[in-house]
Amino acid sequence: MNDMSRLERTVGTKNIKMECRDCQVYYGDTHAIKDVNVDIEDKTVTAFIGPSGCGKSTFLRCLNRMNDTISVARVEGQFKLDGEDIYDRRVDPVQLRAKVGMVFQKPNPFPKSIYDNVAYGPRIHGLARNKAELDDIVEQALRRGALWNEVKDRLDAPGTGLSGGQQQRLCIARAVATEPEVLLMDEPCSALDPIATAQVEELIDELRQSYSVVIVTHSMQQAARVSQKTAFFHLGNLVEFGETGQIFTNPVDPRTESYITGRIG
Amino acid sequence: MNDMSRLERTVGTKNIKMECRDCQVYYGDTHAIKDVNVDIEDKTVTAFIGPSGCGKSTFLRCLNRMNDTISVARVEGQFKLDGEDIYDRRVDPVQLRAKVGMVFQKPNPFPKSIYDNVAYGPRIHGLARNKAELDDIVEQALRRGALWNEVKDRLDAPGTGLSGGQQQRLCIARAVATEPEVLLMDEPCSALDPIATAQVEELIDELRQSYSVVIVTHSMQQAARVSQKTAFFHLGNLVEFGETGQIFTNPVDPRTESYITGRIG
Amino acid sequence: MSVSIITLIVLGIAVLGFFLGRQRALSLSASSGKRLHSLPGYYGQMVFLFAAVPALLLMTAWLFMQPILIEGRISANIPDSVIPEGGARSLVMADVRRIAGGLDALIADSGMTETALDQMRADETDVRSQLGNVGVALGSDVPVQVFEAAKEYRASSKTGSLLMSIAVLAVCGLFAAWSLLRISPDQRARNVSEGFVLALLVGASLVAILTTVGIVTSLLFETFHFFKLYPAREFFFSTVWNPQFRGGSELGILPLLWGTLYVSFIALLLAVPVGLMIAIYLAEYASKAMRSVAKPAIEVLAGIPTIVYGLFALITVGPFLRDWLAQPMGLGNSSSSVLTAGLVMGIMLIPFVSSLSDDIINAVPQSMRDGSFGLGATKSETIRQVILPAALPGVVGAVLLAASRAIGETMIVVMGAGAAAKLGLNPFEAMTTVTVKIVSQLTGDTEFASPETLVAFALGLTLFVFTLGLNVLALYIVRKYREQYE
Amino acid sequence: MTDATANSTGGTPGRNAGSLFDKDPRTRKRNAAETRFRMMGLAAVIFGVLCLVGLLGSIISNGVSAFSQTFIIVDVFLDPAKLDKDGDRDPDKIAKVTTFGYAPLIATAMEQAMEQANISIEGLGKKDAAELVSKEAPAQLRNYVLNNIDEIGETVRFKVLASGRIDGYYKGRVTMASAELDRNVSPAQLQLADQLKAAGLLSTGFNWQFFTAPDASDTRPEAAGLGVAILGSLYMMIIVLVLALPLGVAASVYLEEFAPQNWLTDAIEVNIANLAAVPSIVFGILGLAIFINMAGLPQSAPIVGGLVLTLMTLPTIIIATRAALKAVPPSIRDAALGVGASKMQSVFHHVLPLAAPGILTGTIIGLAQALGETAPLLLIGMVAFVREFPDGPPDGFFDPASALPVQVYNWTQRGDPAFVERASGAIIVLLIFLVCMNALAIVLRRRFERRW
Amino acid sequence: ARDQIQIAGSSTVLPYAAIVAEAFGENFDFPTPVVESGGSGAGRKKLCEGVGENTIDIANSSSRIKQSDIDLCASNGVTEIQEVRIGYDGIVFASDINGATFAFTPADWYNALAAKVVKDGVLVDNMNKTWKDVNPDLPDQDILAFIPGTKHGTREVFDEKVIHAGCEATGAEELYKAAGDEKAKGCNALRTDGASIDIDGDYTETLARIDANKNGIGVFGLSFYQNNTDKLVVATMDGVVPSVETIASGEYPVSRPLYFYVKNAHLGVIPGLQEYIEFFVSDEIAGPDGPLSEYGLVSDPELAATQEAVANRTPMGPLN
Ligand SMILES: Nc1ncnc2c1ncn2[C@@H]1O[C@H](COP(=O)(O)OP(=O)(O)OP(=O)(O)O)[C@@H](O)[C@H]1O
Ligand SMILES: Nc1ncnc2c1ncn2[C@@H]1O[C@H](COP(=O)(O)OP(=O)(O)OP(=O)(O)O)[C@@H](O)[C@H]1O
Ligand SMILES: [Mg+2]
Ligand SMILES: [Mg+2]
Ligand SMILES: O=P([O-])([O-])[O-]
C-alpha cells in the first residue's frame, strides 16, 4: 500500500484547489496563526503535522470558515477555493462548507439515531431522491467509514451510545456522505485501532482519486503513508511545506528535523 | 528507554492491586463485557488493547464504578481493590474514585479556568493547606501533564478554549493532581503529538514508581513501550492477558496475533 | 429569653462548633498522622448541623406544644359561669391571652412591679382601662376568674419559656460536644453532612407531594358533598351549564371543559411558535446586546397583571376582531370571543415559552452546531434538525408550563371570552372555562351549601384529574422522544 | 465504488460544481429558507417587544397621572366653639368631636378664602365650594388638632387634597362638558378651581402619598395610596423568594440527580407538572384549609399569602430548574466524579452553576407570576380593604395587609372613574417592583451564561 | 391576639363598609377594620366557620342569609347572629350617554331577553332582533344586554323583579303554568344567542363593555351609575327615574336590601366590634344625609329599629 501511494502521488493533477496567503488568526489577543501560506492541491492528500497547540486545527477551521462560529476568533489573509476568495462577502459559508467538509477532532455525533446522523448531510443537500437512495447513501458512507458491520443491526440506536472510536468513524461517515470536494479531517484516526485506521486510510486514498483531502495527524507514519504533501506547523508558524517524501527524508528547517526525529508515536 | 523499562519491569513488587473476576457488563440488552478476569498489579502499567468498540472503555469504567452513572449499564462480577470488594454496599464510590482516578477518552475540561480545573481535585480532597501549596500542586500537575509551558501565562483562561491536545493534557494534569493510587487512562495520548506523547509516557513511567496505571491505547508501540502487562480485548471478551513482552512477541491466541500483526497505526 | 435570642445563641454555638470541629479534625490528623477522611470543613459542618438541627427542632416542637398544653390546663380551670352564653371557651382563652400579653406591656410601660401585679384583682381595679392605657384594647370588662387565669397563663408561659431555653440550649450544647468528641480522622464527615443535605433535598421534593395531597383533600370533601346534592352523571355528561339561584341548575362540565381546551389551544397556537422563534432568534441569531435587552423585556410580559391583559382583550382586541374579522365574515358580532381571549392569553404566555427555551437552547453544546455547520448546513437547518431535537425535553417542559398557565388563567378569559358556557366551534363566539367558573361560583352570592357553590370544588377536582391525565400523556411522549447529547 | 461516487455526484440534481459566487437554485432556496426563518425569528421578537411596548404604553399613559396630585391651601380657623365647647382643653373631650364636626370648619375656610381672593361665581354655594376639598381633609385636621391641642383657637394653614373630580380636571379626565352631565361636580366648581389656581391656592405636585398612604374608601380616590399594598407585596415576595427558590432548586436537584428511576419519581414528576396546571384559586382553597383552618394562622396576613404563593410558584421553578439541569452535558458530571468528587459535590460545584441561568429564569417567571396573582389571595382574605400598616418583619408577616395586584383589582372595580388612573399607577408601581426584583436575577444570569 | 375587626363578604356592600371602616378608624381609638371582598356566599360561609380569633366577625351580604347557612353556623357553634339591614341597593338600566334613551317596562325586558315569548297566545322562540321589535315605542336598536352573571345576587333581583314580572305581565307565566310548569320556571330561561350577555365581573366591566359596544344596555348599581353620570344615561322603569328618593319611596321597583351579619359571640371580645356596628347604623353614617346615602345607598326608612336592635344585641330569629 505504501508503495502504491508513492506511485500514485505523481499521477495526481497539480491543480491548486485551495490557496492561502498571509493568513493570520487571532483568538482575542493570542496570535494563533502567523503568516501562513499554503497551497492545497486537487486530488492530493495534504497532511498537517506539528506539536499540540501549534494551530493545526485553527488553520484547518479557516479553510471552511468554521472559525466564524467562535466569537473571539479573527481571521485575516486570503483564502481561495478554485481561485475564489472564500472570505468574500458574497460567499455563502454554507455553500462553502458543503464543498469543504470537515471531521472534527472531538467526535460530535448528533443526539439522533446512527442512520439520521449519516443521512443528515444528504438530506439537507438533497442528494437522494427517495428513501431507497438515501438508504444506499447511508450504507455506502458507513461502509467507507468502516463502521457498517458494527452498526448495521442497530441503525436506529442513538449515535451517542457508541464507543469513542465508533463515534469517530460515524463522524467520518457523516462527512463523507455529503461528498465534499475538499475534506478536512482533524485527527480522524486518533481514537481508532490499527485495523480501523487502515480502513480509514484506504478511504482517504480512495477519496483522493476525485477530491482533495487535508488531514491533521500526530502520527508521522500515517502522514507518510497517506499524504503527498506535508505541512509542518510550529507555534502558529508554517515552518515547512512540501512533498511528504522530502519533508520526512530531507527536511530543510532544523525544527522540522528535530520534530520528526524525536521519539515517534 | 525501551530497554530501561524492560529492566525495571522485573523490579516492581508483584502485589495485586485490583482483582476482577467473572465480570459482565450489559448496556440494556447488549452484553458489552463477557466473563473478564484481570488482575492489576501494583506499581505496574497495564495496557488494554483491542479493536474499537471491543469494550476497553467499558471495562475501565468498571474499575472505578463510573458505570454507575450510566443508567442502562449493569455490572456483574467481583472487583476488588486491595482485597476489598469495590461494589460492596458499604463502599463509598467517592472514596473509591479518589483512589482510582480516571482520564476520559474524550477530553472533558470543566467550563472553568485552567487553574480551577487542576485545583478542583486537590481542593475537594483537601490536599493543600494554603494557596501557595495549591499553586504548587497545580504547577506540578501541569508540568507532569506537559502543559505548564503552554499555559503558565494564562492560567485564568477557560479550559475549554484550549486545543484538543491541550485539553487532553489538562485532563491528565487534573487527574494526576489528586494523587490517585490507581490511574485509569483512556487513550491519553490519542490527540497528542509525539513529543507530548513522550512526555506523558515519561509521566506514566514515573507514576509507576508508586502507583499502578491502567492505560487504554491503540498504539501497539505505546503499549509495548510503557506497559508491563497487556490485556487484549475482542468483542467484549478478554482474549489474552499477560506480560507485555510475551503478548507482543509470542501471543497464544490467534486473534491476538492477527491483531498485532495487522497494519500498525 | 425570646425565641430569636435563643435562635441566635444556638446558631452562635453551632458556628463556634463549626470552627472547633474543623480545628479538632485538623489537630487530630496532625497528631495521629492519619489523613482526614473528608475536608476539615466537613467536620465543622457536621458539628454545626448536630448543634443546630436537633436544638432548633426541639424548639419548634416546644413552641408548638407549649401553648396547647398550657391552654388545655388553664381552660379546664375556667368555670363555665364566665363563659358568655353563645360564646366559646376558645374566645375566652383569646381574652386570656390578650390580657396576659397586656400585663407584660403594663409592666414594661408603666413600671408596675411583679408583686403589685400579683395583688392586682379584677374586681378592684379597672383592668380594662389600665390595659387600654398601654394600647391593649379589650372588648369588655374582665371577670375575676378570667383575670386570674390570665395571670396563671402568664406565669406558666414564663416558666415554660424558661424551661424551653434551658432544654434547647442543653440539647444544643450536648449534641455539639458529643459530635465534637466523636471526631476522628476516619470519621466520614462528608457522608454525614451530605446525607443530611440529601435528606433536605428529599424533604423539598416531598413538599410537592404534600401540596397535592393537600389540594386533593381540601377539594375532595366538598366535592363529595356536591355529588350528594347533584347527580354525577349530569355533571360529567350534560352539555348544558346553567346555574340558577334558586336551585334547579344545570351544571354540566362539558361546555366548560371544551372552552378550556379551546381557549388554551388558541393561546398555545400563538405562544408556542412565537415563543420558540423568539428563543431561537435570541439564542442563535441575536447579538449579545440585543439578547440582554430583549430577553428581560419580554419576560416583563409574564409579570403584567392579568387584569391588564383582560382589559386589553375587552377594550382593544375584542372589538377589533369583531369589526375586522367576525362581522365581515358573518361569523357573529360578539366582541368577546374565544379567539380574543386565546390571542391575548397567548401574548402573556410568550415569555414562558421563549425564556425557558432560550436557556435550554443556549445550553446545547457548541460542538453540536459545529458538527452540523461542518456538513454545510445552514443555521436554520442546524437549529431545526439538531438543536431543537437536542433541546426537546426542556422545550416540551416550557410548553407544558405555558399550557398549564393557560388552563389556570381566569381574568383574561372573563374579560376576553365572556362568561357564557357554550359548546361550539366558532372561535368568534363567547365561551368560558372551568377556572373562570370555579372562581365565579366560589365568590358568588349563592349560599355555600348549595350545589351552585359546591360545584366549584367538583370542577377543581375534575380539572385536576383531567390535567393529570394530560401530563401523564405528555410524560410518556417526552420519554419516547428524549435524546441526550454527548 | 469510486465510479459510483463520481456518478452520483454528477447525476444528483442541484449539486453545485461551479463558482462559490453563483448560487445554484437549491442553495438559493435554502438561503431563502434561512432568511425566512431568521426573519420569522426577528418578527417574533419584534412582535413580543411590540406587545410589551403597547401594553406598557397604555398602562403608562393611563397611569402616570396617578403620580401627580392637586392640592388646595386653606387657612382653617380652629374654632373653639366647635372643637372644645367647654373650653377646658381636655383631650378626651376634644377627641369626642368626630370628623363630621371638622367638615364645617373647612367649608367656612373655603368661603373665607374665596372672599379674600375676591372670587365670586354665580350659582356656587358654600357647600359646593367645600366640595372642592377632599373628604380626607377633616381627618387630617382632626389628627392635627389632637396632636396640637394648644393651637385650638388659632388659624392654621393646611395643604389639603383637592377632591377627585378637581384633580381629574387638571389631568384632563374631567372637562367642562363632562361636568355638565356629572352629578358630582359642576362647571361652576371647575371655574372656582381655576380661579383658586390663579390665586395660587391650588397647585399640583408630585404625589408622594401614592406610595405611602394606605387605601381609601370609594369616596376619596384622591387619598388612596399603595403603602400597605407595597409592604404586603414586599413581605410576600420575601417569603416566596426565601422559600420557593431553595425548595424548588432542592427538589429539582433531588429529582434530576439523585432520585432513583422508578415509578415514585415518575409520580412526583407528573405531579409537579400537574401542580403547575392547578388554577391559582385552588391554591387559595388549599391555603384556607391548611394554613388558616388547620394551622391557625391569621386571616389576611402576608405569611399565609406568601406560603400560598410559594406553593403556587414551586412547580414553575422546579420545571425550569429540571430542564436546565437536564441540559448540562453528562461529561461534566463524569469529569467531576472521575477526580473523586462526590455526587453532591459534582452537582453543587459544576452542574448547578451551569444550570444557573435556567434556574434564574424560572425564578424570574415564577416570581413575576406570584407578584401579579390575585385569585388565591381572595380566599385567604387578602383581597381586602386594609388601612392599618403591618408592623416591621417578622411580626408584620402576621398582620393584615393588602398586596399590589389586590389593590389593582380593587381599584378597577370601584365606581369612581378616578380609580382607573390609580389602578394604572399601581400597575406601574408593580412593574417597577418586578423590574427591580428581576434586575438582580438578570445580572446574575448574565454572569452564569456561557456555552461549552 | 387579633385586635382589629375582620369583615368579609359581598362586593356590593364593600364600598359602604369601606366608607364606614375608614371613618371608624379615623374617629375611634380602635384600628381600622379589615374589609374583605369575595362574595356574599363566601362571606357567610366564613362567618359560619366557627367561633374564635381566626374567624371573621362580620359578614356583609347583598342577599338575605339562607337557612343552610344558619344550619352550617349552628353546626360550627355559631348560634347567635345579628342581622343588620343597612339600606337598599337600587338596580338601574343604563346605556351609553351618546346613544338613545330608553323607557322600559318589565314586559319589554321579558320580550327582549326571554327564551320564549308569547305570540298570538302561544309560547314561541324569541326572534326579536331590535328593541323596536319588542315595543314600537323603543328605539330601533339591536338588542344587546349586559346582565349580571348567575353568581351575583343582583341577578336574582333582576330575574325576579324584571324578568319574572315581565313574564307575568305578558301572560307567559300563565302559559307556562298551563303547560304544567308549576312554578313557571320557564320564565327565567333567557335566550342564548348572544343578545343577553352574562357579566361575571363587576360594574366596571359592564361599563367597559358598553364602551366597546355602544348599543349595549347594562345593569348597574345606583351608586355606580351616580359616579358615572357623564358616561351613562339611565333608563326609566315603568316611567320612574331611579334615584335614592324614588327607591326609598318604593316607586322604582328594582331594588334589594343589603345586610351584614354579626357574630354575637365576638362582641365584647374583639375590641371595637360593638362600637363599629353601632357607628355603622348611626344616623350620622347611615341616615338619609350621611355619607352612605350620598354615595348611593338608599337609606333604610326603618333605621331606628335597627339601631335599637343593635344596641340590644338582639340576635336574629328564624327565617320566615
Ligand atoms: N452508553 C452506552 N449505551 C449503549 N451501548 C454502549 C454505550 N457505551 C458503549 N456502548 C457499546 O458497548 C460496546 C463497548 O464500548 P466501549 O466504549 O467500551 O468500546 P472501546 O473498546 O472503548 O472502543 P473505542 O476504542 O472505540 O473507544 C460498543 O459496542 C459500544 O457501542
Ligand atoms: N476557542 C479558543 N479560544 C482561545 N484560544 C484558543 C481557542 N482554540 C484554540 N486556542 C488556542 O490556539 C492555539 C492553537 O490551537 P489549535 O486548536 O489550533 O491547536 P492544534 O494544533 O489543533 O493542537 P492539538 O493537536 O492539540 O489539537 C492553542 O494555543 C490554543 O490554546
Ligand atoms: Mg487540534
Ligand atoms: Mg473507548
Ligand atoms: O359580591 P356580591 O355578593 O354582592 O355579588
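Quantities reported herein were computed from a predicted structural model and do not represent experimental measurements. Lettering of chains follows the sequences in order, A, B, ..., and the numbering in each one begins at 1.
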A.B. asks: Which atoms of Ile280(C) are under 4.5 Å from chain D, going by heavy atoms: the side chain, the backbone, both sets, or neither?
C.D. replies: side chain

A.B. asks: Show your working on salt bridge (Lys or Arg N to Asp or Glu O under 4.0 Å) between Arg384(C) and Glu34(D) and close with a plain yes or no.
C.D. replies: CA-CA 11 Å; Arg384(C) 277 185 307 211; Glu34(D) 166 74 21; over 6 Å; no

A.B. asks: Can you measure from CE (Met40(D)) to OG (Ser380(C)) and round to the nearest 0.5 angstrom?
C.D. replies: 9.5 Å

A.B. asks: Which pair of non-hydrogen atoms, one from Pro279(D) and one from Leu463(C), has the smallest distance, and what is that distance?
C.D. replies: CG-CD2, 3.4 Å

A.B. asks: Show me the donor-acceptor pairs within less than 3.5 Å that the side chains of residues 312-319 of chain D make with the rest of the protein, sequence neighbours left out.
C.D. replies:
| residue | atom | partner | partner atom | Å |
| --- | --- | --- | --- | --- |
| Thr313(D) | OG1 | Leu309(D) | O | 2.4 |

A.B. asks: Could you please spell out the steps behind the side-chain contact (heavy atoms from CB on, under 4.5 Å) verdict for Phe47(D) and Ile278(C)?
C.D. replies: CA-CA 9 Å; Phe47(D) 176 76; Ile278(C) 290 180; over 6 Å; no

A.B. asks: Decide side-chain contact (heavy atoms from CB on, under 4.5 Å) for Thr212(C) and Asn274(D); before the verdict, give the C-alpha distance in whole Å, the side-chain angles of both, and the deciding distance to 0.1 Å.
C.D. replies: CA-CA 9 Å; Thr212(C) 303; Asn274(D) 192 38; 6.0 Å; no

A.B. asks: Out of Ala276(D), Ala259(D), Ala324(D), return the one with the most heavy atom pairs under 4.5 angstrom to chain C.
C.D. replies: Ala276(D)

A.B. asks: So which part of Glu269(D) gets closer than 4.5 Å to some heavy atom of chain C, the side chain, the backbone, both or neither?
C.D. replies: side chain

A.B. asks: Hey, does Glu299(C) have a side-chain heavy atom less than 4.5 Å from the side chain of Thr361(D)?
C.D. replies: yes

A.B. asks: Given heavy-atom pairs under 4.5 angstrom as the criterion, report whether the side chain, backbone, both or neither of Leu430(D) touches chain C.
C.D. replies: side chain

A.B. asks: Between Arg405(C) and Glu373(D), does any side-chain N to carboxylate O distance fall below 4.0 Å?
C.D. replies: yes

A.B. asks: Do the side chains of Asn362(C) and Pro357(D) get nearer than 4.5 Å, heavy atoms only?
C.D. replies: no

A.B. asks: Please give me the minimum heavy-atom distance between Met277(C) and Gly41(D), naming the atom from each residue.
C.D. replies: CE-N, 3.3 Å

A.B. asks: Taking all non-hydrogen atoms of both residues, which atom of Pro329(D) and which atom of Pro365(C) are closest, and how far apart?
C.D. replies: CG-CG, 4.5 Å

A.B. asks: I want to check something: taking the side chain as every heavy atom from C-beta on, are Thr410(C) and Ile281(D) in contact at a cut-off of under 4.5 Å?
C.D. replies: no

A.B. asks: As an exercise: rank Ser342(D), Ala289(D), Gly54(D) by heavy-atom pairs under 4.5 Å with chain C and give me the winner.
C.D. replies: Ser342(D)

A.B. asks: Carefully, step by step, assess Phe37(D) and Lys379(C) under the rule side-chain contact (heavy atoms from CB on, under 4.5 Å).
C.D. replies: CA-CA 9 Å; Phe37(D) 191 74; Lys379(C) 231 169 172 171; over 6 Å; no

A.B. asks: Is the shortest heavy-atom distance from the side chain of Leu198(C) to the side chain of Tyr254(D) under 4.5 Å?
C.D. replies: yes

A.B. asks: With a 4.5 angstrom heavy-atom cut-off, is it the side chain or the backbone of Ile209(C) that approaches chain D, or both, or neither?
C.D. replies: both

A.B. asks: Between Leu360(D) and chain C, which part of the residue has a heavy atom less than 4.5 Å away: side chain, backbone, both or neither?
C.D. replies: neither

A.B. asks: Quick check on the interface: out of Ser252(D), Ala423(D), Ala375(D), Ala277(D), who has the most heavy-atom pairs with chain C under 4.5 Å?
C.D. replies: Ala277(D)

A.B. asks: I'd like to know which of Leu434(D), Ile290(D), Leu275(D) tops the heavy-atom pair count under 4.5 Å against chain C.
C.D. replies: Leu275(D)

A.B. asks: So which part of Leu210(C) gets closer than 4.5 Å to some heavy atom of chain D, the side chain, the backbone, both or neither?
C.D. replies: neither

A.B. asks: Relative to chain D, which segment of Ile383(C) carries a heavy atom at a distance below 4.5 Å: side chain, backbone, both, or neither?
C.D. replies: side chain

A.B. asks: Quick check on Val439(C) against chain D: is it the side chain, the backbone, both or neither that has a heavy atom closer than 4.5 Å?
C.D. replies: both

A.B. asks: Could Arg38(D) and Tyr281(C) be counted as a cation-pi pair, given that NZ or CZ must be under 6.0 Å from the ring centre and within 45° of the axis?
C.D. replies: no

A.B. asks: At a heavy-atom separation under 4.5 Å, does Ile59(D) approach chain C through its side chain, its backbone, both, or neither?
C.D. replies: side chain

A.B. asks: If I measure from the heavy atoms of chain C, does Phe283(D) come under 4.5 Å with its side chain, its backbone, both, or neither?
C.D. replies: side chain

A.B. asks: Can you tell me which portion of Leu356(C) sits under 4.5 Å from chain D's heavy atoms? Options are side chain, backbone, both or neither.
C.D. replies: both

A.B. asks: For Phe464(C), which atoms come within 4.5 Å of any heavy atom of chain D: side chain, backbone, both, or neither?
C.D. replies: both

A.B. asks: Is chain D contacted by the side chain of Leu219(C), its backbone, both, or neither, given a heavy-atom distance below 4.5 Å?
C.D. replies: side chain

A.B. asks: Which heavy atom in Asn471(C) sits nearest to a heavy atom in Ala273(D), and how many Å separate them?
C.D. replies: OD1-CB, 3.3 Å

A.B. asks: Less than 4.5 Å apart, side chain to side chain, heavy atoms only: is that true for Val207(C) and Leu311(D)?
C.D. replies: yes

A.B. asks: Which heavy atom in Ala204(C) sits nearest to a heavy atom in Ala251(D), and how many Å separate them?
C.D. replies: CB-N, 3.7 Å

A.B. asks: Please flag which part of Phe352(C) lies under 4.5 Å from any non-hydrogen atom of chain D: side chain, backbone, both or neither.
C.D. replies: both

A.B. asks: Hey, what do you get for CZ (Phe258(D)) to CD (Glu194(C)), rounding to the nearest 0.5 Å?
C.D. replies: 7.5 Å

A.B. asks: Check whether Ala250(D) gets within reach of chain C through its side chain, its backbone, both or neither, counting any heavy atom under 4.5 Å.
C.D. replies: both

A.B. asks: Between Leu475(C) and chain D, with a heavy-atom cut-off of 4.5 Å, which part of the residue counts as in contact: side chain, backbone, both or neither?
C.D. replies: side chain

A.B. asks: Return the OG to CE distance between Ser193(C) and Met344(D), rounded to the nearest 0.5 Å.
C.D. replies: 7.5 Å

A.B. asks: Non-hydrogen atoms of chain C under 4.5 Å away: do they reach the side chain of Ile427(D), the backbone, both or neither?
C.D. replies: side chain

A.B. asks: Under 4.5 Å from any heavy atom of chain D, what part of Thr443(C) do you find: side chain, backbone, both or neither?
C.D. replies: side chain

A.B. asks: What distance separates Ser205(C) OG from Leu255(D) CG, expressed to the nearest 0.5 Å?
C.D. replies: 5.0 Å

A.B. asks: Working to the nearest 0.5 Å, report the span between OG of Ser280(D) and CD1 of Ile438(C).
C.D. replies: 9.5 Å

A.B. asks: Nearest 0.5 Å, what's the OG1-OH distance between Thr306(C) and Tyr409(D)?
C.D. replies: 10.5 Å

A.B. asks: Output the option from Thr412(D), Val278(D), Val282(D), Ile285(D) having the highest count of non-hydrogen pairs under 4.5 Å with chain C.
C.D. replies: Ile285(D)

A.B. asks: So what's closer than 4.5 Å to chain D heavy atoms on Ile304(C): side chain, backbone, both or neither?
C.D. replies: both

A.B. asks: Under 4.5 Å, counting heavy-atom pairs only, tell me which of Leu400(C), Thr378(C), Thr316(C) racks up the most with chain D.
C.D. replies: Thr378(C)

A.B. asks: Using a cut-off of under 4.5 Å for heavy-atom pairs, which of Val300(C), Ile350(C), Val434(C) has the most such pairs with chain D?
C.D. replies: Val300(C)

A.B. asks: Counting heavy-atom pairs under 4.5 Å to chain D, which of Ile407(C), Leu470(C), Thr435(C) comes out on top?
C.D. replies: Thr435(C)

A.B. asks: If you tally heavy-atom pairs under 4.5 Å against chain C, which of Asn293(D), Ile364(D), Leu42(D), Leu367(D) wins?
C.D. replies: Leu42(D)

A.B. asks: Give the minimum heavy-atom separation between Asp359(C) and Gly358(D), together with the two atoms involved.
C.D. replies: OD2-CA, 3.6 Å

A.B. asks: Does anything in residues 270-283 of chain D pair up under salt bridge (Lys or Arg N to Asp or Glu O under 4.0 Å), and if so which pairs, sequence neighbours excluded?
C.D. replies: none

